[in-house]
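Worth saying up front: this structure is predicted, and the values here are computed from it rather than measured. Throughout, a chain's letter reflects where its sequence line sits, starting with A, and its residues are numbered from 1.
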There are 2 protein chains.
Amino acid sequence: MQVTELVRPYRGVSAEDRRARRREQLLEACLDAVAASGVADTTAEAICGRAGLSKRYFYESFADREAVLVAALDRLFEAVRTAINTALAGTTGRAADRIERTVSALVAAISADPRAARLYVEAPRHRALEQRRALAFDEFTQLLVERVLDVDPHDARARTAALLVVAGTTEVLGRWLAGDVPLGEAEFVQTIAGIGLALTAVGSG
Amino acid sequence: MQVTELVRPYRGVSAEDRRARRREQLLEACLDAVAASGVADTTAEAICGRAGLSKRYFYESFADREAVLVAALDRLFEAVRTAINTALAGTTGRAADRIERTVSALVAAISADPRAARLYVEAPRHRALEQRRALAFDEFTQLLVERVLDVDPHDARARTAALLVVAGTTEVLGRWLAGDVPLGEAEFVQTIAGIGLALTAVGSG
DNA sequence: GCCTTTTGATACGACACCGTTCCACTTTCG
DNA sequence: CGAAAGTGGAACGGTGTCGTATCAAAAGGC
């Protein structure tokens, strides 16, 4: 129920704005918590504590702790999606060029917010997050096959190989972000792009 | 303390054998539980119930639920290790041949026990399991670089690319086992091996 | 047959997180 | 000022799991 029959501005902000601001605070606090303690320890209480809001407002914006994590992860995917689309926008070059642009945009987008990056890396810690990430893998695989490589989108081999590269990129990216890969960003991107380029030969193989 | 001062055979088996048998039952029950309900729901109680043993014997053999999961996962890695070493034992052929043998042995070893395969796929659900799997990735990456491909083991690019393939293989293998990849085993192995072969060209850039 | 080990099952206290509810306090508005 | 909406924090009951302790019955040794 909880019909908002009588609403009133508070401290000069409308009810709607206050609500939106709280939701935003919770999402930010969620990322902070993930960055500080990992997905597993990101409880509703931890998020509320960091946000400076009580649990009441948590459940105002999210059904449960899963919901806020999924929302934060989806926001990251949206950023990656946008970055890649922008990078591919005016490309007329060869596959090698498009691959490097794509990988570069991905790495930059994920690196932009290390907090979200940890969420991305640790997504498999939680079932719902893992499923979201699996969908994102599918989406990026689709993008790779259709818009970056010049291969038949219905070739199961090509799709499988592309998925392998997408998933493998996630793993090495996580390690690179953790500082475990002794490569600069350019070299790192080139290395991944090099594997991606090999995909163009797999479908017909 | 609990010094085994006075031990006695029971139902014709020595104390030591009974203990070992119980441990084995628990490990098997652990795999059953993982296969049935996933890693997250594989609790100490669930394992004991399936094993037909009380919690007392669970804590006789394992410190906590993490320990039994790690033990089960390590056992799987050992099987994979052995399978790959066997496959590579008498090879004198080219890299392409060694790669296909390796991938084939890996796929066969994991497919051999679908219960353990789910444990392998869902390992990131738990911190300790994830770490073990990360170590296994490193080990298999090392093996790939040193014994399968002919690349410089100190080349960071080559190592990174090999890690990408190892991790990516895990993901597609999980999907293949779930029936989500429309490829027969031979085709599937060849597809992965095809990507692996591309690694021979990455190191030199 | 009596005593001890072994076993299986249950009960227990502790803890953590969940999602809700309650309450005292602040701010708005008439 | 006083009534009503908004806020923050704490308390609560519920659930699930942990790891330990307890106890009666089954099985072996003498």
Taking every non-hydrogen atom, the tightest pair across A:Ile195 and B:Ile195: CG2-CG2, 4.5 Å
5' priority, DNA chain D, between A:Glu45 and A:Tyr57 [closest heavy atom]: A:Tyr57
Distance in angstrom units between A:Gln25 CD and D:dT7 P, rounded: 11 Å
Length of the CD-C1' vector between A:Glu60 and D:dT7, whole Å: 11 Å
No-hydrogen, no-angle side-chain donor-acceptor test under 3.5 Å, A:Gln142 and A:Arg159: yes
Nearest-nucleotide pick for B:Lys55, side chain only, options being C:dC18, C:dT6, D:dC18: D:dC18
Sugar-phosphate only, base, or nothing, as touched by A:Arg22 at under 4.0 Å among non-hydrogen atoms: sugar-phosphate
B:Tyr59 OH to C:dA9 C1', straight-line distance once rounded to whole Å: 15 Å
Which residue lies more 5' along DNA chain D, comparing B:Arg56 with B:Arg65 via nearest heavy atoms: B:Arg65
Rounded distance (Å) that lies between atom P of C:dA14 and atom CG of B:Asp64: 21 Å
Atom-to-atom span, CZ of A:Phe58 to P of C:dC17 - whole angstrom: 13 Å
Spacing between A:Arg21 atom CZ and D:dG6 atom C1', to the nearest angstrom: 15 Å
Between C:dT27 (P) and A:Arg18 (CZ): distance, integer Å: 13 Å
Rounded distance (Å) that lies between atom C1' of C:dC18 and atom CD of A:Glu66: 13 Å
Over 12 foreign heavy atoms within 6.0 Å of CD, A:Glu16: no
Heavy-atom closest contact (A:Pro124 atom, B:Pro124 atom, distance): CB-CB, 3.5 Å
Given DNA chain C, 5'-ward residue of the pair B:Leu53 and A:Thr43, judged by closest heavy atom: B:Leu53
